[in-house]
Amino acid sequence: MSEIAHFINGQIVNGNSSRRQDVFNPATGNADKTVILAGENDVDDAVRAAKEAWPEWSKTPVLRRARILDKFKNILWERLNQLAEVISSEHGKTIDDAIGEVTRGLEVVEFATAAPTLMKGEFSENVGSDVDSHMIRQSLGVCVGITPFNFPAMVPMWMFPVAIVTGNCFVLKPSERDPSASILIAEWLKEAGLPDGVFNVIQGDKIAVDRLISHQDVKAISFVGSTPIANYIYTTGTAKGKRVQALGGAKNHMVIMPDADLEMATNALMGAAYGSAGERCMAVSVAVPVTEAVADALVQRLVPKIKELKIGPATDTSSEMGPLVTAQHLEKVAGYIDAGESEGADVVVDGRNFKQDKQGYENGFFIGGTLLDNVKENMSCYREEIFGPVLSVVRKNSYQEALDLIHGHEYANGTAIFTRDGDIARNFMQDVEVGMVGVNVPIPVPMAFHSFGGWKSSIFGDHAMHGMEGVRFYTRIKTTTTRWPTGLRQNPEFKMPTLG
Ligand code: NAD
């Protein structure tokens with residue numbers, strides 16, 4: 001059985017901890033690998049390596065740093081499939097989906113190669129007599145990334161390309177459920193010429209995380225995961241004086257107006273609700289058809305499509321949806337369907353009945369696509385994030401009712417409206433209190449040169465990820481005012497200096 005270890009100071013190392021955790025292939029249900037769970041000393045080693053690499057790395061010309069990332073980007077392009085296969089074997093998502101994930105991460109690497117422009121400062125001459133002023137962006141030091149299981153390559157790539165290109169050193173703590181992608185990334189960064197210690201990976205669980213977020217040498221923490229943990233990371237990290245951006249969970253609503261192209265909306269919902277088995281923070285988990293007639297027509301179109309979903313392992317290229325990540329998660333998702341049923345929702349398509357009969361995959365963590373109709377706001381299947389292939393239909397009678405529903409929810413990551421009415425679309429774009437909005441686009445994930453982040457309980461902290469928000473998060477500004485001797489005043493001045 002292979003063992004997944006840490007990557008510290010340019011080397012794969014086992015560290016000192018004896019704790020291990022199984023890593024499953026969700027399609028077969030077998031634990032093919034184990035991952036080492038770091039102890040505090042291992043974390044200290046990784047942070048030390050990053051701290052020691054920082055003085056030289058931060059002073060390395062930005063163009064040189066960008067060129068290393070450019071090489072890394074080329075390696076990623078060449079080995080897209082290799083990384084996608086590793087992701088699929090531990091996460092369960094289809095190969096196409098994993099390639100999509102890596103490509104979206106790669107786009108942030110492309111963005112980061114523009115660092116010479118992104119890092120440019122500002123200069124103002126003659127702000128006073130013989131006085132000039134300039135602002136520069138400097139790196140912070142050791143930055144940490146703590147990431148979820150559902151995007152083991154893309155989410156780390158929301159963080160480290162911008163962090164390291166701006167001159168920081170980085171310690172990544174990936175999810176213990178699919179840890180292998182992080183090691184490939186570390187090795188490929190080294191191959192691209194990244195100096196040892198600039199990028200490190202520490203495998204582990206709460207013990208590693210708690211050490212990282214309270215370590216005195218860590219300056220900034222980027223987190224993506226569930227809301228309770230995001231909140232914990234934010235409160236603990238900021239209390240220790242660190243800069244923190246912590247992205248949390250989601251419940252994304254898609255409003256379908258009576259004038260929408262219903263076939264387009266149905267197909268969009270299929271991909272957005274069931275793609276990646278619903279294990280996406282931008283998955284649509286609530287459909288909000290406006291008027292009963294739209295709701296009936298929508299459900300009628302969805303049912304056969306859900307029943308026909310091709311559910312299978314990533315090794316079968318015809319699969320449209322893979323298994324869930326672990327047996328525990330499968331149980332949790334099924335539990336939400338049980339709860340919805342007992343609270344009065346109609347289980348129109350029941351994924352709990354699904355049996356995988358492909359040989360070798362009978363014990364995989366598969367569940368079928370599920371459709372719950374007549375879901376109400378007080379039900380747990382509506383209020384809580386299920387993170388599985390379960391779509392709830394909440395019927396509303398007007399645009400305003402749909403908007404009020406969205407505003408009543410704790411989460412505000414993404415949302416979409418399907419309509420052909422420009423007025424309605426424009427009102428929605430302006431008024432909806434959600435961070436990422438789609439108009440006839442079901443999963444409006446911003447491109448790398450814009451920034452990713454929700455509102456309300458979907459984010460803790462002031463900065464979204466990548467784009468200029470990422471540059472702002474990973475740099476601090478320094479403003480210097482200079483005066484040259486020609487105009488030096490001779491007498492001391494005790495009033496607040498003004499430069500007019
Ligand atoms: P998770 O919160 O369980 O784990 C995320 C990270 O936190 C992992 O690295 C894990 O090891 C660590 N962790 C878990 N429990 C911890 C604890 N008690 N103390 C300290 N660290 C802990 O999330 P997950 O199940 O891996 O991922 C799914 C969640 O991530 C969903 O809620 C999903 O919405 C969210 N997510 C959000 C976004 C976004 O951009 N908002 C993107 C992807 C995923």
Side-chain angles (χ1 to χ4, degrees), residues 19 21 23 26 35-38 40 43 90-93 101 104-105 108 144-159 171-179 181-182 201-214 221-237 244-252 276-285 324-326 328-330 332-333 336 384-388 409-415 434-436 443-446 451-461 463-466 469-470:
R19 296 189 310 126
Q21 182 171 312
V23 177
V35 60
I36 299 176
L37 302 177
E40 293 188 346
V43 173
E90 294 177 2
H91 175 284
K93 63 177 74 175
E101 151 171 14
R104 292 306 299 262
V108 184
V144 161
I146 301 159
T147 53
F149 81 85
N150 65 321
F151 287 111
M154 183 183 80
V155 170
M157 284 197 269
W158 284 354
M159 304 169 179
V171 180
L172 172 66
K173 206 303 284 171
S175 170
E176 56 276 46
R177 286 181 263 181
D178 42 16
S182 63
V201 179
I202 198 88
Q203 309 289 358
D205 54 8
K206 182 170 171 54
I207 289 179
V209 170
D210 283 349
R211 183 67 180 169
L212 281 169
I213 62 176
S214 55
I221 304 160
S222 301
F223 173 88
V224 176
S226 56
T227 285
I229 312 294
N231 194 359
Y232 166 71
I233 303 278
Y234 181 78
T235 357
T236 314
V244 184
Q245 50 176 188
L247 275 56
K251 197 83 181 176
N252 305 316
S276 210
E279 292 171 324
R280 287 182 185 141
C281 64
M282 288 294 275
V284 172
S285 48
L324 292 172
V325 68
T326 55
Q328 291 82 344
H329 192 50
L330 174 64
K332 184 177 156 198
V333 172
Y336 275 113
E384 293 169 31
E385 182 184 41
I386 301 177
F387 222 55
H409 207 287
E410 168 193 8
Y411 296 124
N413 210 40
T415 189
V434 174
M436 293 172 282
I443 308 186
V445 175
S451 300
F452 186 106
W455 287 12
K456 292 160 73 178
S457 293
S458 296
I459 196 167
F460 300 85
H463 292 285
M465 296 213 174
H466 62 70
E469 282 282 274

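Counting starts at 1 for both ligands and their atoms, in listed order.
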Q) With backbone taken as N, CA, C and O and side chain as the heavy atoms from C-beta onward, which portion of Ile233 lies under 4.0 Å from ligand 1: side chain, backbone, both, or neither? A) neither
**Q.** Residue, atom name and distance, where the atom is the protein heavy atom closest to atom 1 (P) of ligand 1
**A.** Ser226 OG, 3.7 Å
Q: Could you check atom 8 (C) of ligand 1 against the protein and tell me its nearest heavy-atom contact, residue, atom and distance included?
A: Thr147 O, 3.3 Å
Q) Which residue holds the protein heavy atom closest to atom 27 (O) of ligand 1, what is that atom called, and what is the gap in Å? A) Pro148 CB, 3.2 Å
Q: Tell me which protein heavy atom sits closest to atom 22 (C) of ligand 1, plus the residue, atom name and distance to 0.1 Å.
A: Ile229 CG2, 3.6 Å
Q.
Which residue and atom name correspond to the protein heavy atom nearest atom 25 (O) of ligand 1, and how close is it?
A. Arg177 NH2, 2.7 Å
Q. To the nearest 0.1 Å, how far is atom 40 (O) of ligand 1 from its closest protein heavy atom, and which atom is that?
A. Phe452 CE2, 3.0 Å
Q | Nearest-0.5 Å distance, NZ of residue Lys93 to CG of residue Asn150 | A | 6.5 Å
(Q) I need the minimum non-hydrogen distance between Leu324 and Leu330, along with the two atoms involved. (A) CD1-CA, 3.7 Å
Q) Hey, which atoms in ligand 1 end up nearer than 4.0 Å to a heavy atom of Glu176? A) 10 (C), 11 (O)
Q.
What I want to know is whether Lys173 and ligand 1 share at least one N or O pair that is separated by under 3.5 angstrom.
A. yes
Q: For atom 26 (O) of ligand 1, grab the closest protein heavy atom and report residue, atom and distance to one decimal in Å.
A: Phe149 N, 3.0 Å
Q. Does the side chain of Val144 come within less than 4.5 Å of Lys173's, by heavy atoms?
A. no
Q. Of the protein's non-hydrogen atoms, which lies at the shortest distance from atom 31 (C) of ligand 1, and what is that distance?
A. Glu385 OE1, 3.4 Å
Q) Under 3.5 Å, N or O to N or O, is Gly248 touching ligand 1 that way? A) yes
Q: Take the angle between the ring planes of Phe460 and Tyr234 and call it parallel below 30°, perpendicular above 60°, tilted in between.
A: tilted
Q: Mark up the atoms of ligand 1 that fall under 4.0 Å of a heavy atom belonging to Asn413, in ascending order.
A: 41 (N)
Q: Using side-chain hydrogen bond (donor to acceptor under 3.5 Å, both in side chains) as the criterion, list what pairs up with Tyr336, not counting sequence neighbours.
A: Glu384
Q: Could you name the option among Val445, Leu212, Val209, Asn252 that has the heavy atom nearest to atom 20 (C) of ligand 1?
A: Val209
Q: Measure Arg280 to ligand 1 on non-hydrogen atoms and call it side chain, backbone, both or neither using the 4.0 Å cut-off.
A: neither
Q) Which ligand 1 atoms are under 4.0 Å away from a heavy-atom of Asn150? A) 43 (C), 44 (C)
Q: Show which atoms of ligand 1 fall inside a sub-4.0 Å distance from at least one heavy-atom site of Val224.
A: 5 (C), 36 (N), 37 (C), 38 (C), 39 (C), 40 (O), 42 (C), 43 (C), 44 (C)
(Q) List ligand 1 atoms under 4.0 Å from Ile146, heavy atoms only on the residue side. (A) 6 (C), 7 (O), 9 (O)
Q) Taking all atoms of both residues into account, what is the closest heavy-atom pair of Asn413 and Ser458, and its distance? A) N-OG, 3.3 Å
Q | Close-contact set for ligand 1 against Trp158 heavy atoms, below 4.0 Å | A | 40 (O)
Q. So which of Phe387, Tyr232, Phe151, Phe223 gets nearest to atom 33 (C) of ligand 1, if we judge by its closest heavy atom?
A. Phe387
